[in-house]
Amino acid sequence: MNKIGYACITMGMDRNYRTLRAKNISDDYLKDIIEYNLNLLEDTIDYNYNNNIFLYRISSDIIPFGSSKLNTFDWRSYFSNKLKKIGNKIKNYNMRVSMHPGQYTIINSPREDVVKNSINDLIYHCDFMDLMGLDCTNKMIIHIGGVYGNKEESIRRFVSNYKLLSSNIKCRVVIENDDKSYNINDVMEISNIINVPVVYDNLHNEINNYDHNSDIYWINIAGKTWDKKDGIQKIHYSQQAIGKKKGSHSDTIDVDVFKKLYNKLNNIDIMLEVKDKDISVIRCMKAVGE
DNA sequence: CGATGTCAAGTTGCA
DNA sequence: TGCAACTTGACATCG
């Protein structure tokens, strides 16, 4: 049996996370928005439980400007009880969550300031999960970063900067193949050096292909990077939106196509990346009889 | 009050 | 050489 999850936004709820503009930032405004967002997160966890969804990605926008020095509000202390409460709920429901720092979090940049900001962003994401009291099976997913005209050198920089991260961050970090720079083989090579779990993304592999081995071949290879302490192996699954640019996620999941891969999987956590989010999760679960 | 242009950050690749 | 795309909706301002 496999778990199926979705990212951030919940179609089955009539609310979404709020944010604010840099020029309007203030402690009071931040406090209001974070309070709203954390209440929504708690309700989302309940919604997922009620719909038998046990895998969920928490939006990086949950704390606006979470790693920026524009954010001077001490949300870590102010909301520590609320975060603990949400974390307890996640644990009691036996759910697994993750976070996915975005395109600006690049630890292999040649620019020192970019690396510094990226590390701050990892600290923010990691603190958020630490404050909820969640263990290291609840992961942070990152890509390798830029190539800067020299892949070998850029990989070396990733490896050496990774080694400098604090141990609570390192225990959560997993790496993923991306759609233009680092294919699954690159990511596996890096994983073999630093011993980090690998999330296999099928659509990225389709676009930024290394060889013609099947999804299941690479899923099995990536599976070897997951230790017991990392929890169940996790993959990202999405389908190309027909007629849209390469890599665009489809509006919904073609369940028959999904089933062909699903039937080959055993005990894998599948994060769907699809526009209709929990709707597709529920449809997929029904289709495979979970 | 509804419409619409804009939004913190980095890198790549295409006009 | 400058700017859109990434991903995307929600904010904020304008009429």
Side-chain angles (χ1 to χ4, degrees), chain A residues 6-26 28-30 32-37 39-41 44 57-73 75 98-125 140-151 153-155 157-158 161 175-183 186 201 203-204 206-208 236-241 243-252 271-280:
Chain A
Y6 68 100
C8 309
I9 297 167
T10 308
M11 302 304 282
M13 295 181 69
D14 56 0
R15 291 178 286 159
N16 202 356
Y17 297 100
R18 296 180 57 205
T19 185
L20 66 145
R21 296 286 178 259
K23 58 178 176 163
N24 298 323
I25 203 164
S26 74
D28 279 347
Y29 197 5
L30 275 168
D32 287 350
I33 287 188
I34 293 168
E35 189 162 42
Y36 180 93
N37 287 351
N39 284 329
L40 179 53
L41 175 60
T44 301
R57 181 191 300 165
I58 298 172
S59 170
S60 295
D61 296 334
I62 192 100
I63 309 290
F65 299 84
S67 64
S68 165
K69 54 177 174 289
L70 292 176
N71 186 337
T72 56
F73 176 58
W75 57 271
S98 62
M99 295 186 86
H100 195 350
Q103 59 206 319
Y104 304 109
T105 305
I106 300 156
I107 67 168
N108 80 338
S109 175
R111 284 174 50 187
E112 223 172 284
D113 58 322
V114 172
V115 175
K116 190 165 167 277
N117 290 340
S118 298
I119 290 172
N120 282 336
D121 206 43
L122 291 175
I123 291 171
Y124 146 59
H125 286 87
M140 300 194 285
I141 293 106
I142 60 171
H143 294 289
I144 305 306
V147 174
Y148 312 95
N150 185 340
K151 197 182 251 190
E153 190 60 35
S154 298
I155 288 176
R157 229 173 14 250
F158 181 91
N161 286 341
I175 52 179
E176 179 191 353
N177 58 312
D178 69 69
D179 58 352
K180 48 167 94 76
S181 304
Y182 293 93
N183 63 40
D186 297 326
D201 184 305
L203 187 57
H204 290 164
E206 197 177 306
I207 296 161
N208 183 17
H236 287 176
Y237 181 83
S238 56
Q239 296 172 348
Q240 173 67 46
K244 289 220 193 136
K245 191 158 349 93
K246 261 189 170 185
S248 295
H249 295 149
S250 59
D251 289 336
T252 191
M271 177 59 67
L272 296 187
E273 293 181 325
V274 59
K275 305 262 200 218
D276 69 354
K277 309 287 181 182
D278 48 307
I279 309 277
S280 271

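Computed from a predicted structure; not experimentally measured.
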Chemist: Using a 4.0 Å heavy-atom cut-off, does Ser118(A) contact any base of the nucleic acid, only the sugar-phosphate backbone, or nothing at all?
Modeler: nothing

Chemist: Say you pick atom C1' in dG9(C) and the same atom in dT11(B); how far apart are they, in whole Å?
Modeler: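 Straight-line distance between the two C1' atoms is 23 Å.
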
Chemist: Scan nucleotides 4-10 of chain C nucleotide by nucleotide, 5' to 3', and note B when protein non-hydrogen atoms come under 4.0 Å of the base, S if they reach only the sugar-phosphate, - if neither.
Modeler: -SBSSSB

Chemist: Say we look at dA8(B) and dA12(C): how far apart would their P atoms be, to the nearest angstrom?
Modeler: 10 Å

Chemist: Using the P atom in both, what is the distance from dA9(B) to dT1(C), to the nearest Å?
Modeler: 23 Å

Chemist: Do you know which two heavy atoms are closest between Ser181(A) and Val147(A), and how far apart they sit?
Modeler: CB-CG2, 3.6 Å

Chemist: Going by side-chain hydrogen bond (donor to acceptor under 3.5 Å, both in side chains), name the residues that satisfy it together with Asp276(A), two or more places apart in sequence or in a different chain.
Modeler: Thr252(A), Ser280(A)

Chemist: Between the side chains of Glu176(A) and His236(A), is a donor N or O closer than 3.5 angstrom to an acceptor N or O?
Modeler: yes

Chemist: Which is it for Asn120(A) and Ser67(A) under the side-chain hydrogen bond (donor to acceptor under 3.5 Å, both in side chains) test, yes or no, and what are the steps along the way?
Modeler: CA-CA 6 Å; Asn120(A) 282 336; Ser67(A) 64; over 6 Å; no

Chemist: Pick the P atom in dT6(B) and in dA5(C), then give their distance to the nearest Å.
Modeler: 14 Å

Chemist: Apply salt bridge (Lys or Arg N to Asp or Glu O under 4.0 Å) to Lys275(A) and list each qualifying residue two or more places apart in sequence or on a separate chain.
Modeler: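 Listed in chain order: nothing, the list is empty.
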
Chemist: Which residues pass the side chain to side chain contact (heavy atoms under 4.5 Å, CB included) test with Asn37(A), sequence neighbours left out?
Modeler: Tyr17(A), Arg18(A), Ile33(A), Ile62(A), Pro64(A)

Chemist: List in chain and number order the residues that pass side-chain hydrogen bond (donor to acceptor under 3.5 Å, both in side chains) with Ser154(A), two or more places apart in sequence or in another chain; answer none if no residue qualifies.
Modeler: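 Partners of Ser154(A) under the side-chain hydrogen bond (donor to acceptor under 3.5 Å, both in side chains) test: Arg157(A).
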
Chemist: Keeping the roles fixed (side chain from Tyr182(A), backbone from Gly146(A)), state whether a donor-acceptor pair exists under 3.5 Å.
Modeler: yes

Chemist: Got a sec, which residues hit side-chain hydrogen bond (donor to acceptor under 3.5 Å, both in side chains) with Thr10(A), two or more places apart in sequence or on another chain?
Modeler: Tyr6(A)

Chemist: Please list, chain by chain and in numerical order, all residues satisfying side chain to side chain contact (heavy atoms under 4.5 Å, CB included) with Asp32(A), sequence neighbours excluded.
Modeler: none

Chemist: Does a donor on one side chain and an acceptor on the other come within less than 3.5 Å for Ser60(A) and His125(A)?
Modeler: yes

Chemist: Could you go through nucleotides 13-15 of chain C and list every protein N or O atom that sits under 3.5 Å from one of its N or O atoms, giving the distance for each pair?
Modeler:
residue : atom : partner  : partner atom : Å
dT13(C) : OP1  : Lys23(A) : NZ           : 3.4

Chemist: Between dT8(C) and dC14(B), how many Å separate the two C1' atoms, rounded to a whole number?
Modeler: 23 Å

Chemist: How close do Tyr29(A) and Thr19(A) get, counting heavy atoms only, and between which atoms?
Modeler: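 Between these two residues, the closest heavy atoms are OH-O, 4.4 Å.
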
Chemist: Enumerate the residue pairs fulfilling salt bridge (charged side-chain N to carboxylate O under 4.0 Å, His left out) with a member in residues 105-118 of chain A, sequence neighbours excluded, ordered by first and then second residue.
Modeler: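 Sorted result for residues 105-118 of chain A: Arg111(A)-Asp113(A).
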
Chemist: Expressed as a whole number of Å, how far does the C1' atom of dA10(C) sit from that of dG10(B)?
Modeler: 23 Å

Chemist: Need two values: the first and the last nucleotide of DNA chain B, 5' to 3', having an atom under 4.0 Å from any heavy-atom of chain A.
Modeler: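 Counting from the 5' end, contacts occupy dT6(B) to dT12(B).
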
Chemist: Treat a base pair as Watson-Crick or G-U wobble with both distances under 3.5 Å, then lay out DNA chain B in dot-bracket form, 5' to 3', with | for cross-strand pairs.
Modeler: |||||||..||||||

Chemist: Rounding to an integer number of angstrom, what distance separates dG5(B) and dA4(C) when you compare their P atoms?
Modeler: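 To the nearest whole Å, 14 Å.
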
Chemist: What distance, rounded to whole Å, do you find between the two P atoms, one in dC7(B) and one in dC3(C)?
Modeler: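 dC7(B) and dC3(C) have their P atoms separated by 14 Å.
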
Chemist: side-chain hydrogen bond (donor to acceptor under 3.5 Å, both in side chains) with Glu153(A): which residues, sequence neighbours excluded?
Modeler: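 For Glu153(A), the residues satisfying side-chain hydrogen bond (donor to acceptor under 3.5 Å, both in side chains) (neighbours in sequence not counted) are Arg156(A).
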
